[in-house]
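Encoded as structure tokens, the structure appears first; notes follow it.
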Amino acid sequence: MNEGEKIKSIRIESTETFSRKQMYEMLPPLATKFEVGEIEYEMDQKKYEKIVQDIIDKEIKNGEGSSFVTPRRATAKIAEHPPHVALCVFRRFLEQEFGAYWTFCFHDGNGSCFVGASPERQATVREE
């Protein structure tokens, strides 16, 4: 799906490994209140429920599988201090998002932050 966004890529120059406990200690707790714009979903609730029901009826009930990933993207604009709030949201993902293959927080240096969790691999890091 092309939504007109430019592809962003990064070159990783070094890596470090931290335990979950160390990450919690480094990340700020979620602010109790911050201004969030309207949350927009790529599809409405009714359409999403139909997709899930179709998978149950056409795939799971026919023995084609028992575990399917049904993505649904939500986006929102956060008005205050994007890097700080992004780190708060990232911490919340680490605390509450179980089963994600990849949980990420990225600041592009130009004022945009990207935070999310994905059940499937989106990137591979290779040391050369």
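Since the structure is predicted, the reported quantities are computational estimates derived from the model, not experimental observations.
Atoms NE2 and CG, on His84 and Leu27 in that order, are 10.5 Å from each other to the nearest 0.5 Å. Rounded to the nearest 0.5 Å, atoms NZ (Lys50) and CG (Asp57) are 9.0 Å apart. For the atom pair CD (Glu95) and CE (Met23), the distance works out to 11.5 Å, reported to the nearest 0.5 Å. In this structure, NZ on Lys58 lies 10.0 Å from CD1 on Ile55, to the nearest 0.5 angstrom. The CZ atom of Arg91 sits 14.5 Å away from the OG1 atom of Thr103 when rounded to the nearest 0.5 Å.
Contact check for Lys21 versus Glu25: side-chain heavy atoms found under the 4.5 Å cut-off.
For CZ of Phe106, the number of neighbouring non-hydrogen atoms (other residues, nucleotides, ligands) closer than 6.0 Å is greater than 12.
Across every non-hydrogen atom of Gly116 and Phe93, the tightest pair is CA-CE1, 3.6 Å. Among all heavy-atom pairs drawn from Phe104 and Phe114, the shortest one is CD1-O, 3.8 Å. Between Cys113 and Ala86, the shortest heavy-atom distance links the atoms CB-CB, 3.7 Å.
Of the possible polar contacts, one joining the Asp44 side chain to the Lys46 backbone as a donor-acceptor pair under 3.5 Å is found.
Remark: the Glu49 side chain and the Gln53 side chain contain no N/O donor-acceptor pair separated by less than 3.5 Å.
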